[in-house]
There are 2 protein chains.
Amino acid sequence: MAGTTSGQAAGGSTAARAPEERRRRILEATVAVIRDRGFAGTRVTDIAEAAGTSSGLVLYHFGSLAGALTQALTHVEDVFYGELESELAAVPGPVERLRLMADLASGAGPAVGDWTLWLELWVRALRDDDARAARESLDRRWRAALRRVVVEGAAAGVFHPADVAATTLRLSSLMDGLAIQLALAEPGMTPARFKRLWLDAAALELGVPAQAFRGRAARPARRRAAS
Amino acid sequence: MAGTTSGQAAGGSTAARAPEERRRRILEATVAVIRDRGFAGTRVTDIAEAAGTSSGLVLYHFGSLAGALTQALTHVEDVFYGELESELAAVPGPVERLRLMADLASGAGPAVGDWTLWLELWVRALRDDDARAARESLDRRWRAALRRVVVEGAAAGVFHPADVAATTLRLSSLMDGLAIQLALAEPGMTPARFKRLWLDAAALELGVPAQAFRGRAARPARRRAAS
DNA sequence: GGCTATCCTGAATACTCGTTCAGATCGCCG
DNA sequence: CGGCGATCTGAACGAGTATTCAGGATAGCC
């Protein structure tokens with residue numbers, strides 16, 4: 001349906017093609033609404049309103065509400081992956097990279113952002129194949145990134161994991177578990193505590209002293225008040 | 001609404017009051033439907049059908065669909081807690097108890113059963129206060145049980161946790177995270193692997209050799225083929 | 001300028017439920 | 001027995017919402 005935008009030949013010289021722009025805006029609006037109201041509570045009208053268009057257009061572009069939800073997921077996946085890769089590439093060593101992943105997951109960074117969306121995704125994945133595929137892909141990528149950092153650290157002689165696969169799986173699962181508390185705003189669970197708990201577990205798993213992950217990164221300018 | 005069953009005076013001499021029995025059946029049917037279709041997909045008719053009654057009766061007893069869902073949650077909580085306590089009381093030492101908890105969580109035992117319901121609960125708790133309260137209570141109880149086992153083991157000189165609160169929180173969070181994989185039937189995640197991963201993490205956290213949690217319980221009769 | 005395909009709108013349609021309601025049924029008591 | 005309250009049923013109602021549709025605007029192209 002919707003013609004798969006067959007003849008977009010007319011190269012846009014003046015400005016970016018408006019339709020494409022509109023499409024993207026709708027997808028981002030969809031993500032925002034899902035975050036806010038959940039998959040189950042998201043209506044076509046909500047998406048249209050959030051995107052500043054009509055419900056007709058949402059259906060015109062995505063065929064159905066389910067289509068919009070699904071495409072929003074793959075959009076999220078693209079954005080997430082792009083950000084993760086560029087963020088990771090921007091820092092040097094394994095210790096710093098592990099800390100970065102903790103930052104991203106705890107909500108400080110842009111990539112993971114709000115875990116609410118992830119909880120929603122898990123539940124939808126129980127019964128919807130597209131959601132299942134999206135989640136699996138997202139999870140695999142995140143876990144692969146983590147594993148890369150672990151392996152890198154082991155090669156550098158900094159980390160000493162007993163079993164790389166098990167360590168990777170446990171550390172990413174621990175993140176998910178802690179994330180539930182964070183998403184539900186469990187009293188006592190803050191991004192800082194999330195980070196501390198996870199990095200301490202990483203220290204245990206990787207056979208390094210917990211201090212290895214302390215210090216820096218959290219409060220960049222505190223000692224030198226004004227400079 | 002529904003009168004809180006005011007005058008149930010008429011003491012039932014012959015058999016248990018049918019209405020109470022019916023009520024319980026409806027609650028259990030509700031839980032089954034939630035497990036199967038999720039909170040979002042559960043309709044009054046589904047519950048009625050699963051319980052073998054009419055939709056009118058469901059509303060008569062619980063006032064609304066939301067009421068039925070909420071009461072189903074507290075029913076689950078009661079059942080869960082009762083089973084957890086009695087199971088834990090039935091085994092002797094800290095090591096055995098920790099293994100029992102791994103069994104229960106991995107799906108071998110009756111208490112946790114299917115993690116699907118838990119994922120559903122987390123998401124509903126994002127926006128529904130009753131669900132939030134139910135989840136918090138369930139979580140607190142489970143975590144308290146875990147903490148008790150850890151403290152008991154520490155007192156006996158078997159476990160050596162560096163920080164009881166952090167260890168408890170991490171081990172229960174890790175369970176939640178692994179449970180997601182289990183609920184989604186991630187390839188490679190089985191109850192056995194779940195148990196192994198979690199108990200190995202426990203060994204790390206508690207400063208005991210991983211072998212401490214191996215052996216027994218898994219395959220009771222393997223060496224002596226026939227007896 | 002006209003023609004056409006694409007993009008876009010908002011009202012109309014059709015359908016799915018939650019909830020209401022007008023009574024049946026049942027067990028019990030005076 | 002006759003009445004009464006609690007329990008139970010299923011049809012009818014109404015609100016909410018995905019999707020359809022009849023057309024309008026727009027931009028490129030001859």
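Just the heavy atoms: all of them, side chains too, but no hydrogens, waters or symmetry mates, feed the values below. By convention in this document, chain letters (A, B, ...) are assigned in the order of the sequence lines, proteins followed by strands, and residues within each chain are numbered from 1.
- Atom CZ in R37(A) sits roughly 12 Å away from atom C1' in dT17(D) (whole-Å rounding).
- Contact check, Y60(A) against dC8(C): no side-chain N or O comes under 4.0 Å of OP1 or OP2.
- The phosphate of dC8(D) has OP1 or OP2 within less than 4.0 Å of a side-chain N or O from H61(B).
- We find that CD of E20(A) is positioned 8 Å from P of dC7(C), with the value rounded to whole Å.
- Within residues 50-58 of chain B, the residues that have a heavy atom under 4.0 Å from DNA chain D are, in order of number, T53(B), S54(B), G56(B), L57(B).
- Take R25(A) and apply the salt bridge (charged side-chain N to carboxylate O under 4.0 Å, His left out) test, not counting sequence neighbours, and it matches no residue.
- For T168(B), there are no side-chain hydrogen bond (donor to acceptor under 3.5 Å, both in side chains) partners, not counting sequence neighbours.
- Residues passing the salt bridge (charged side-chain N to carboxylate O under 4.0 Å, His left out) test with E85(A), sequence neighbours excluded: none.
- Listed by chain and number, the residues in a side-chain hydrogen bond (donor to acceptor under 3.5 Å, both in side chains) with E77(A) are S137(A), R141(A) (sequence neighbours excluded).
- Rounding to whole angstrom units, CG of residue L65(A) and C1' of dC15(C) are separated by 15 Å.
- Whole-Å rounding puts the E49(A) CD to dT9(C) P distance at 14 Å.
- For dT16(C), the OP1/OP2 oxygens have no side-chain nitrogen or oxygen of R43(B) closer than 4.0 Å.
- Between R193(A) and L169(B), the closest side-chain pair of non-hydrogen atoms falls below 4.5 Å.
- Residue R22(B) places at least one side-chain N or O closer than 4.0 Å to OP1 or OP2 of dT9(D).
- Between F62(A) atom CZ and dT19(D) atom P there is a gap of 14 Å when expressed in whole angstrom units.
- Taking atom CG of L59(B) as the reference point, atom P of dG10(D) lies 14 Å away to the nearest angstrom.
- Taking the side-chain hydrogen bond (donor to acceptor under 3.5 Å, both in side chains) definition, one finds that E49(A) meets it with nothing, sequence neighbours left out.
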